[in-house]
Structures are given as structure tokens and as C-alpha cells.
Amino acid sequence: MDVTSPAFKENAARALDDAQLQRALGNIRHGFVEKRRVAADALPEFEQLRDEAKAIKDHTLAHLDLYLEAFCETVEARGGTVTFAETAYDARRAVLDICREHEAKTVTKAKSMVSEEIELNRYLKKKGIAPVETDLGEYILQIRDEAPSHIIAPAIHLNRDQIEADFRRVHTHLPNERDLAEPATLLGEARTILRQKFLTADVGVTGANFLVAETGSAVIVTNEGNADLTQSLPKVHIVVASIEKVVPTLEDAATLLRVLARSATGQDMSVYTTMATGPRREGDPDGPEAFHVVLVDNGRSGMIGTDFQEMLRCIRCGACMNHCPVYHAVGGHTYGWVYPGPMGSVLTPSLVGVDQAGQLPNASTFCGRCESVCPVRIPLPKLMRHWREDEFARHLQPRAARTGLGAWAFLARRPRAYRMLTGLAARALSLAGGTKGRLSSLPLAGGWTKHRDLPAPAPRTFMADWKARRGA
Ligand code: SF4
């Protein structure tokens with residue numbers, strides 16, 4: 001996936017002009033947010049669980065090498081194989097080697113953001129192996145050749161009509177009179193196609209929400225059951241997961257699962273929670289003959305011990321983007337890489353470089369909603385601020401931004417001049433707002449007013465008002 005994060009502003013302008021996308025984004029504003037609130041309110045110990053979840057992840061990250069080693073030992077003791085992949089290329093290559101060893105022609109896949117990160121589908125296709133996404137949203141995106149726009153609802157930017165048109169374009173067996181007017185009929189059509197793929201796939205690739213060191217298990221949650229079919233029907237199961245997914249015990253995984261579903265979709269638990277532990281044993285009625293885990297680093301170990309280590313606590317629930325006013329306005333594709341929203345604004349610069357993704361941590365209102373809902377209490381605004389500092393220190397910002405910040409810093413050290421100038425500016429903008437109290441255009445700051453009006457400020461600054469009231 002090409003990185004278009006440097007074009008965030010251009011991407012955002014297009015997204016704001018896209019009426020269909022704006023309607024689709026309304027589903028997030030009104031759906032996920034309310035569901036999470038109800039689920040969190042219904043569980044008295046929810047806040048305590050968030051503290052426990054944070055502590056589990058912090059403890060694991062502090063001893064990551066030990067838990068990864070323990071995980072490898074338990075997987076191998078149960079007949080599985082673990083491959084460490086330092087880079088995205090190493091990870092792709094490891095999956096390809098396993099597929100070739102088993103002479104695989106088709107691979108079914110259950111949702112895995114890290115496989116998007118390493119561009120697994122494109123690579124396998126180039127090498128003559130057909131990957132098939134089996135999560136409904138991911139399948140729709142695959143036939144559109146598009147990237148996910150949300151980490152748990154990948155096709156949230158699309159509507160029913162678009163999906164019907166795609167199915168009619170790609171599923172050439174479909175008679176015109178077949179009714180696809182309802183989501184259920186669309187689902188039935190996808191199921192017909194995917195059932196066949198499940199039955200004929202040579203290899204199944206899944207991600208993992210957690211890797212359990214004590215048992216060597218990969219835990220994955222879905223609402224469609226596609227991961228179960230992906231990992232149990234083919235002869236070979238490959239788990240592709242990043243290194244920070246490891247947790248010490250099943251008990252720890254259970255604690256994290258309790259905050260994950262509630263934060264993501266407002267469910268007590270996802271519909272399917274599945275554990276894969278090694279290949280099929282003698283006497284097992286089904287399961288794969290070979291079980292592999294590809295552990296992807298791809299820059300994560302470099303985050304350990306830095307300001308950004310806390311980002312590795314992320315359990316990919318999506319709550320931060322569901323509550324983010326910037327994501328609500330521009331959607332996921334605007335962020336220009338695999339991970340959108342506030343978590344992407346911190347993680348993407350860590351993985352692709354702040355020189356590529358510096359616009360993302362700048363596209364934040366710092367309202368703090370992301371941090372307030374994050375189940376593992378990642379201080380996302382603080383981490384975005386760290387990226388801004390880093391960008392400034394490395395002279396990566398545009399000259400105008402540096403000059404503006406320099407002027408502000410000059411004034412901030414001179415309180416009298418600062419008060420006088422902000423007082424004058426407040427009065428001028430308040431006058432310019434007229435009777436409507438809104439500004440439709442602003443010289444030198446047209447980006448603010450191109451898509452919405454700016455409420456005019458009060459004629460007196462807070463400081464001036466405070467002083468006047470105290471005096472009174
Ligand atoms: S940063 Fe927190 S809220 Fe956002 S996806 Fe990760 S765990 Fe969820």
C-alpha cells in the first residue's frame with residue numbers, strides 16, 4: 001500500500017467534498033459511540049478493568065523478550081513453528097516460503113491489519129498465489145482493490161448500492177433479476193462465494209488479537225466466524241501477528257477481551273472468540289496439519305524504551321477513531337496508510353517515519369476524547385505532541401508553520417505585547433463576524449474556513465474579561 005500520508009491535506013479536502021462518504025461517516029458518530037457508552041456504563045468494574053488491561057500490557061512490554069521466548073517454546077512444544085520477521089519483506093517471504101512448501105495455490109485470509117501493513121496480498125498475487133479475504137468488509141474491499149478505512153469496520157465508508165454494483169461487476173454468474181436489495185441478500189451472495197473458497201483453500205492465514213505465552217495459543221475474535229473456517233479447514237494455518245500481541249497468560253487475555261469488545265462495538269464479547277493451539281493432534285476431528293506463527297517486528301522493537309513504547313499497548317479496538325472529530329470529518333483513507341485515526345497518527349510515524357507521516361499528528365484538535373476512551377489508557381494526545389516536537393526539532397515542518405510558531409514563541413515570552421495583540425485580534429475578528437457571529441473567510445487561514453464557518457470570538461479575551469470582573 002503506497003503511503004499517501006504526506007498528502008493528508010489534499011486527501012482531507014477530497015473527503016470533505018464527498019457527500020456519500022460524509023453520510024457514511026455519520027454511522028460512526030451515532031452508532032459505535034453510543035454502543036460503547038452503554039456497554040461501559042453497564043459494567044461497574046469497567047474503569048478498573050482498563051487499569052488492569054494497561055498494567056498487563058505494560059508488564060509484558062517491560063519483559064517482551066522473555067514472553068516472546070516463552071511463546072516460541074510453547075508453540076514448538078505443541079508441534080508448531082515460529083518465524084521471527086524483522087522487516088515487512090521478511091514476513092512476506094516467510095509466508096510465501098510456507099505456502100510454497102505446501103504447494104499452495106489459494107490462501108484464505110481472516111482479518112489481519114498487520115498483513116495489510118506488510119502488503120501480503122499484493123505480494124502473494126505477484127508470486128502466483130491467490131489470496132481471498134473472508135471477512136465480509138475485507139472481501140468487498142478486495143474486489144474494489146481498496147484499503148480498509150477503519151480497523152474494525154473496514155468498509156464503513158461504503159453504502160449498500162456501491163456494494164451491490166461491485167458484486168454485479170465481479171460475480172459474473174449473478175442473474176440480473178437476483179434481488180440484492182437487502183443487506184441480508186448481499187450477505188447471502190458473499191457467503192455462497194466464500195463457502196467454496198473456504199473448502200478449497202490450501203492455506204489459511206489469520207491475524208491474532210493476542211498470543212498467549214503460557215499455552216502457545218493465538219486468540220482471534222470475529223463477528224462472522226470466518227477466522228474459524230480459515231484456520232480449521234485448510235491443511236496449513238499461518239498466524240501473522242506483530243510482536244506486541246503477546247500476553248503472559250490466558251487469564252490476561254481474558255481481561256483484555258473484556259475491554260476489547262466493549263470498547264470496539266459495545267458488545268460484552270465478540271460473537272466468536274477462537275483459540276488456535278498447535279496443529280491437529282491425534283484423535284482431533286479436524287484442524288490443520290501444520291501450524292505456523294510469523295512474528296512481525298517491522299520497527300516495533302525500536303519503539304521499546306522510547307517515548308512511543310506506550311503505543312505498543314494498543315489492542316486495535318478502534319474506539320479512538322470512533323470518538324475522534326477529525327476521523328469523523330475525513331474518514332480513514334485520508335490518513336494515507338494502514339492505520340487511521342488517533343492511533344494511526346502516533347503509530348504511522350513510528351513505522352514509516354515522521355518525515356512521511358508528520359501531517360498526521362498535526363491533524364488533531366487535542367480534544368482528548370481518544371485518550372478518555374482508550375481501554376489501555378494510551379496518552380494519544382501526549383504522544384502526538386511528542387511527534388510534533390520531533391518534527392520541529394528536525395526542521396521538517398513547512399517554513400510558514402515554523403515562522404508562525406517562532407512569532408508565537410516570541411510573543412509568548414512578552415506577556416504585555418501578547419495581551420495587547422490578542423486583545424486587538426479578538427476585537428477585530430468579533431467585528432468581522434458581524435451580526436451572524438461567524439467568519440466565512442479568513443485571510444492567511446483559508447484552510448479553516450473552506451469547508452465550514454469559524455465562530456467569531458468574544459470581543460474581549462478571557463484574560464481581559466477576568467480582569468474586568470475581578471475589578472468589578
Ligand atoms: S489506541 Fe486505544 S482506543 Fe485506539 S485502537 Fe488502540 S487500544 Fe483502541
Side-chain angles (χ1 to χ4, degrees), residues 28-29 31-37 39-40 46-47 49-58 60-61 111-114 116-117 148-154 156 207-210 219-221 241-247 252-253 255-267 269-270 300 303 307-328 331-332 335 337-351 357 360-361 363-387:
I28 298 177
R29 286 193 281 268
F32 285 138
V33 170
E34 182 59 9
K35 284 182 184 152
R36 181 213 171 262
R37 190 189 63 73
F46 186 69
E47 291 306 313
L49 274 177
R50 288 176 69 192
D51 291 335
E52 286 173 26
K54 172 182 182 294
I56 290 167
K57 293 295 279 183
D58 277 342
T60 316
L61 290 169
K111 194 167 173 287
S112 150
M113 290 309 291
V114 78
E116 295 283 339
E117 182 185 318
S149 66
H150 189 286
I151 59 172
I152 60 159
I156 194 128
N209 292 86
F210 307 107
V219 182
I220 188 165
V221 299
S242 47
I243 53 172
E244 81 280 13
K245 294 291 171 79
V246 74
V247 293
D252 295 329
T255 302
L256 290 160
L257 284 168
R258 292 186 74 196
V259 288
L260 173 62
R262 287 180 170 87
S263 304
T265 50
Q267 293 163 287
M269 288 287 277
S270 302
R300 287 163 175 83
M303 293 165 70
D307 287 339
F308 301 102
Q309 175 170 320
E310 293 188 274
M311 192 60 225
L312 295 175
R313 289 205 296 268
C314 178
I315 56 172
R316 309 285 189 271
C317 71
C320 54
M321 58 201 76
N322 294 342
H323 291 75
C324 174
V326 178
Y327 182 95
H328 289 172
Y335 290 78
W337 201 53
V338 185
Y339 302 107
M343 59 81 74
S345 295
V346 178
L347 189 60
T348 304
S350 307
L351 300 183
L360 307 189
S364 170
T365 62
F366 280 177
C367 67
R369 285 183 89 195
C370 50
E371 181 175 357
S372 72
V373 295
C374 176
V376 281
R377 302 197 189 280
I378 300 176
L380 293 152
K382 182 184 90 176
L383 300 185
M384 284 188 250
R385 222 171 9 247
H386 282 327
W387 274 128

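We count ligands from 1, going down the list as the structure has it; atoms in each ligand are counted the same way.
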Listed partners of Asp51 passing side chain to side chain donor-acceptor pair (under 3.5 Å), at least two apart: Arg377

Glu310/Lys57 salt bridge by N-O under 4.0 Å criterion: no

Cation-pi check, Arg262 onto Phe46 ring (under 6.0 Å, within 45° of axis): no

Non-neighbouring partners of His150 that pass ring-ring contact (aromatic ring centres under 6.0 Å, His included), sequence neighbours left out: Phe32, Tyr327

Protein N/O/S neighbour count - atom 4 (Fe) of ligand 1, strictly under 2.8 Å: 1

Which residue and heavy atom of the protein sit nearest atom 7 (S) of ligand 1, plus the separation: Ile315 N, 3.4 Å

For Arg36, all residues meeting salt bridge (charged side-chain N to carboxylate O under 4.0 Å, His left out), sequence neighbours excluded: none

Between Glu116 and Tyr339: side-chain donor-acceptor atoms closer than 3.5 Å: no

